Amino acid sequence: MQGRLSAWLVKHGLIHRSLGFDYQGIETLQIKPEAWHSIAVILYVYGYNYLRSQCAYDVAPGGLLASVYHLTRIECGIDQPEEVCIKVFVQGKILGIPSIFWVWKSADFQERESYDMLGISYYNHPRLKRILMPESWIGWPLRKDYIAPNFYEIQDAH
């Protein structure tokens with residue numbers, strides 16, 4: 001089933017894939033990494049002026065990673081703002097997508113956390129570095145194929 005935004009994107013020749021609706025009725029779309037920045041700018045101009053959240057998750061061990069964006073269209077006089085969920089999947093040795101920091105400044109720490117925990121690179125991000133783990137940390141702790149080091153186990157709790 002195609003939602004309102006998906007129909008609008010099709011009408012304007014913007015390539016995407018509709019993933020249906022979530023349990024709250026929010027439309028979910030898949031965008032290819034190479035098209036994400038231009039579509040993000042178009043969505044901002046279209047009225048999605050608020051990035052509610054950005055997160056990422058590991059879909060399968062050693063394979064597919066997803067960067068997820070929840071966008072909201074906030075307007076004066078509207079009780080129920082329009083929302084959309086965008087998923088951008090990356091796979092293989094080059095795990096990167098364009099940063100949307102220059103579209104929504106609130107993506108700054110959120111994209112840094114996704115980089116820190118899963119290793120997704122956000123191209124053109126002004127400060128893409130670890131935010132939670134030390135700079136010397138090796139690996140990406142939230143990946144399903146991550147092997148945790150044993151050097152930080154508790155020795156004595158006395």
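Note that the structure is a prediction, hence the values are computed from the model and not measured. Along the sequence shown, residues are numbered consecutively beginning with 1. What you see below is based on every heavy atom in this structure, not just the backbone, and it leaves out hydrogens, waters and symmetry mates.
Other residues, nucleotides and ligands contribute over 12 non-hydrogen atoms within 6.0 Å of the CG atom of Leu132.
For the pair Tyr50/Ser106, no side-chain contact is recorded, criterion being any heavy-atom separation below 4.5 Å from C-beta on.
Applying the side-chain contact (heavy atoms from CB on, under 4.5 Å) rule to Asn49 yields the partners Tyr44, Ile74; only residues at least two apart in sequence or on another chain are considered. Evaluation of the side chain to side chain donor-acceptor pair (under 3.5 Å) rule for Arg73 yields Glu75 as partners, not counting sequence neighbours. Listed by chain and residue number, Val59, Ala66, Val68, Lys87, Phe89 satisfy the side-chain contact (heavy atoms from CB on, under 4.5 Å) test with Tyr57 (two or more places apart in sequence, or in another chain). Every residue meeting the side-chain contact (heavy atoms from CB on, under 4.5 Å) condition with Ala35, not counting sequence neighbours, appears here in chain and number order: Ile31, Ile39. Every residue was checked against the side chain to side chain donor-acceptor pair (under 3.5 Å) condition with Ser121, not counting sequence neighbours, and none meets it. For Pro141, the side-chain contact (heavy atoms from CB on, under 4.5 Å) partners at least two apart in sequence or on another chain are Met117, Met133, Trp137, Tyr146. Not a single side chain to side chain donor-acceptor pair (under 3.5 Å) links Glu135 to another residue, sequence neighbours left out. Considering only residues two or more places apart in sequence or on other chains, Glu34 meets the side chain to side chain donor-acceptor pair (under 3.5 Å) condition with none of them. A search for salt bridge (Lys or Arg N to Asp or Glu O under 4.0 Å) contacts involving Asp58 returns nothing, not counting sequence neighbours.
The CZ atom of Arg4 lies 4.0 Å from the CD atom of Glu82; values are rounded to the nearest 0.5 Å. Interatomic distance, Lys105 NZ to Ile100 CD1, rounded to the nearest 0.5 Å: 10.5 Å. The structure places CG of Asp108 at 9.5 Å from CG of Leu128, a figure rounded to the nearest 0.5 Å. Note: Leu71 CG to Leu43 CG = 6.5 Å, rounded to the nearest 0.5 Å. Taking CD1 of Ile26 as the reference point, atom CZ of Arg52 lies at 5.0 Å (rounded to 0.5 Å).
Residues Ser67 and Gln54 share a closest heavy-atom pair of OG-NE2, 2.8 Å. Among all heavy-atom pairs drawn from His37 and Ser99, the shortest one is CD2-O, 3.4 Å. Nearest heavy-atom pair, Arg143 versus Leu118, reported as atom, atom and distance to 0.1 Å: NE-O, 2.7 Å. Counting all heavy atoms, side chain and backbone alike, Ala56 lies closest to Ile120 at CB-CD1, 3.8 Å. Closest approach of Pro33 and Gly96 over heavy atoms only: CB-O, 4.2 Å.
Counting only residues at least two apart or in different chains, side-chain hydrogen bond (donor to acceptor under 3.5 Å, both in side chains) contacts with residues 9-18 comprise Ser6-His16, Arg17-Gln30. Residue pairs that meet the salt bridge (Lys or Arg N to Asp or Glu O under 4.0 Å) test with at least one member in residues 59-71, sequence neighbours left out, do not exist here. Residue pairs meeting the ring pair (Phe, Tyr, Trp, His ring centres under 6.0 Å) criterion with at least one member in residues 109-134, sequence neighbours excluded, are Phe101-His125, Tyr115-Trp140.
A distance of 6.0 Å or more separates the ring centres of Tyr69 and Trp104.
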Exercise for review: Start with the C-alpha gap between Ile42 and Trp8, add the side-chain angles, then the distance that decides, and say whether side-chain contact (heavy atoms from CB on, under 4.5 Å) holds.
Suggested key: CA-CA 11 Å; Ile42 291 166; Trp8 187 85; 3.7 Å; yes
